[in-house]
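Let me begin by presenting the structure, written as structure tokens, before commenting on it.
Residue numbers start from 1 in every chain, and the chains themselves are labelled A, B, ... in the order their sequence lines are given, proteins ahead of strands.
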2 protein chains.
Amino acid sequence: MTSDRDAKSTSRSSYHHGDLRQAVLAAALDVIAAEGPGGLSLRDLARRAGVSHAAPAHHFKDRPGLLTAIAAEGYGLLADTLEDASALRERGVRYVRFAVTHPAHFQVMFRPELLRADDPDLLAAKERASAALRTGVADLPDVPDARQAGIAAWSLAHGFATLLLTHNVTAAVGDRDPEEYFRSLAGLLFASQLPSPEGE
Amino acid sequence: MTSDRDAKSTSRSSYHHGDLRQAVLAAALDVIAAEGPGGLSLRDLARRAGVSHAAPAHHFKDRPGLLTAIAAEGYGLLADTLEDASALRERGVRYVRFAVTHPAHFQVMFRPELLRADDPDLLAAKERASAALRTGVADLPDVPDARQAGIAAWSLAHGFATLLLTHNVTAAVGDRDPEEYFRSLAGLLFASQLPSPEGE
DNA sequence: CCCTGAACTTGACACTGACAAGATTGCTCC
DNA sequence: GGAGCAATCTTGTCAGTGTCAAGTTCAGGG
């Protein structure tokens with residue numbers, strides 16, 4: 001990242017930054033992961049990128065604009081993560097993995113009051129993730145209401161992920177892998193319906 | 001509230017407000033429920049209470065102080081709600097009810113980066129709620145790891161509550177009572193262990 | 001070569017949280 | 001009943017923030 005920047009990249013001598021949008025996004029994710037969205041300062045992000053205080057606004061318009069871009073990116077990444085997982089339980093595990101590996105995205109995605117709800121990119125990405133989340137819920141045996149079963153699975157995964165990120169279950173999980181821990185949790189849901197505890 | 005205020009209450013003619021702490025807390029809960037903790041402005045709260053801009057600081061020190069007080073109150077209320085519920089599933093229902101009836105408290109309680117984690121009142125209230133949450137998990141039949149079962153139940157309730165407050169399951173729940181909806185969700189957890197779907 | 005639009009800068013305004021120092025008040029104790 | 005004292009609230013100020021408006025630099029195509 002420090003090699004080929006002579007032409008038009010992150011060198012601060014050039015008037016144009018070259019890749020400011022990405023730089024601001026990356027810095028924003030760092031800050032959010034460390035201090036939450038409340039700790040975000042557009043001026044601070046500009047400073048980190050070595051750029052004037054109003055430069056980020058040209059790419060994201062304003063604060064909601066930046067956070068909406070992050071949320072949309074997050075839903076896209078989540079959809080990517082979920083799409084090639086066959087079994088329902090495995091998708092739950094990947095949901096938890098996404099929250100752990102992309103905590104900043106995850107937080108912002110579920111703070112609607114910070115986002116521009118009608119943003120087309122956001123809506124599209126959210127719909128893609130939502131579709132990936134829904135697939136394969138109907139083929140569970142002995143589950144009367146498929147939609148309700150999907151909500152149950154989502155609640156379990158989302159709740160565990162949230163409690164994990166808010167340091168509310170760190171003691172219980174200990175030094176075990178959170179994904180593995182969730183895998184056993186998921187065994188308690190639909191316990192009677194699943195063929196066997198290992199049935200993946 | 002507008003009757004007996006001549007002596008020393010909310011009348012703006014008196015130098016002392018009389019009950020500023022409660023007034024600020026109430027106003028803060030309104031704002032947080034509507035716009036989240038990020039929309040909070042101490043100066044705005046002071047304005048609503050008809051008081052100078054620095055008055056709230058005397059009661060809560062600073063922003064984290066106010067939010068920590070709210071979180072502590074929330075954990076207390078949650079403990080009250082949970083303590084007189086016998087069955088595990090009923091405690092889950094009450095957890096959801098608490099989130100719906102006290103959305104501002106609920107949000108703040110699970111945003112550790114906004115709180116003063118070492119506040120004694122907060123720690124005490126949290127411990128009380130935590131104890132109320134744990135009781136009776138061990139007496140589930142056929143559940144090998146009680147702690148893990150507790151985490152699963154908490155995850156399910158917390159996830160559903162969170163998704164509810166972030167408007168992510170409003171379409172699925174429809175005009176049904178969220179508590180009733182959760183009651184059926186809870187039937188899917190420990191489905192094989194529970195004696196019967198209605199076994200309360 | 002110019003010119004047009006994108007990327008960025010500069011400057012300003014209203015607002016915020018926090019702090020310090022002073023004013024007012026109710027309570028207690030003599 | 002009056003003096004002092006601590007709690008409560010005010011006033012003034014400071015650095016920092018988001019957002020807008022207007023100007024500057026720059027790259028690429030006619």
Quiz item: Would you call the rings of A:F106 and A:H158 parallel, tilted or perpendicular, where under 30° means parallel and over 60° means perpendicular?
Solution: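 Ring orientation, 0 to 90° scale: tilted.
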Quiz item: Are the ring centres of B:F182 and B:Y95 closer than 6.0 Å?
Solution: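 No; B:Y95 has its ring centre 6.0 Å or more from that of B:F182.
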Quiz item: Among residues 52-60 of chain A, which residues get a heavy atom nearer than 4.0 Å to DNA chain D?
Solution: A:H53, A:A54
[X] [atom1] to [N] [atom2]: how many Å, rounded?
{"X": "B:R63", "N": "C:dG17", "atom1": "CZ", "atom2": "C1'", "value": "9 Å"}
{"X": "B:L20", "N": "D:dT10", "atom1": "CG", "atom2": "C1'", "value": "12 Å"}
{"X": "A:D62", "N": "D:dT17", "atom1": "CG", "atom2": "P", "value": "17 Å"}
{"X": "A:D19", "N": "D:dA27", "atom1": "CG", "atom2": "P", "value": "16 Å"}
{"X": "B:R21", "N": "D:dT8", "atom1": "CZ", "atom2": "C1'", "value": "14 Å"}
{"X": "A:L45", "N": "D:dG18", "atom1": "CG", "atom2": "C1'", "value": "12 Å"}

Exercise. Give the minimum heavy-atom separation between B:L185 and B:L156, together with the two atoms involved.
Key: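 Heavy atoms of B:L185 and B:L156 come nearest at O-CD2, 4.1 Å.
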Exercise. Could you tell me which non-hydrogen atom of A:M109 sits nearest to which non-hydrogen atom of A:Y75, and how far apart they are?
Key: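 In terms of heavy atoms, the two residues are closest at O-OH, 3.3 Å.
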So, are [X] and [Y] salt-bridged, with charged N and O less than 4.0 Å apart?
{"X": "B:R134", "Y": "B:E127", "result": "yes"}
{"X": "A:D80", "Y": "A:R128", "result": "yes"}
{"X": "B:D84", "Y": "B:R94", "result": "yes"}

Quiz item: Just by distance, do the side chain of A:T68 and the backbone of A:R116 share a donor-acceptor pair under 3.5 Å?
Solution: yes
Quiz item: By a strict heavy-atom criterion of less than 4.0 Å, which residues belonging to residues 30-44 of chain B are in contact with DNA chain C?
Solution: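 DNA chain C contact set from residues 30-44 of chain B: B:L40, B:S41, B:L42, B:R43.
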Quiz item: B:R47 near the nucleic acid: base, sugar-phosphate alone, or nothing, with a heavy-atom cut-off under 4.0 Å?
Solution: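 Sugar-phosphate, no base atom in range.
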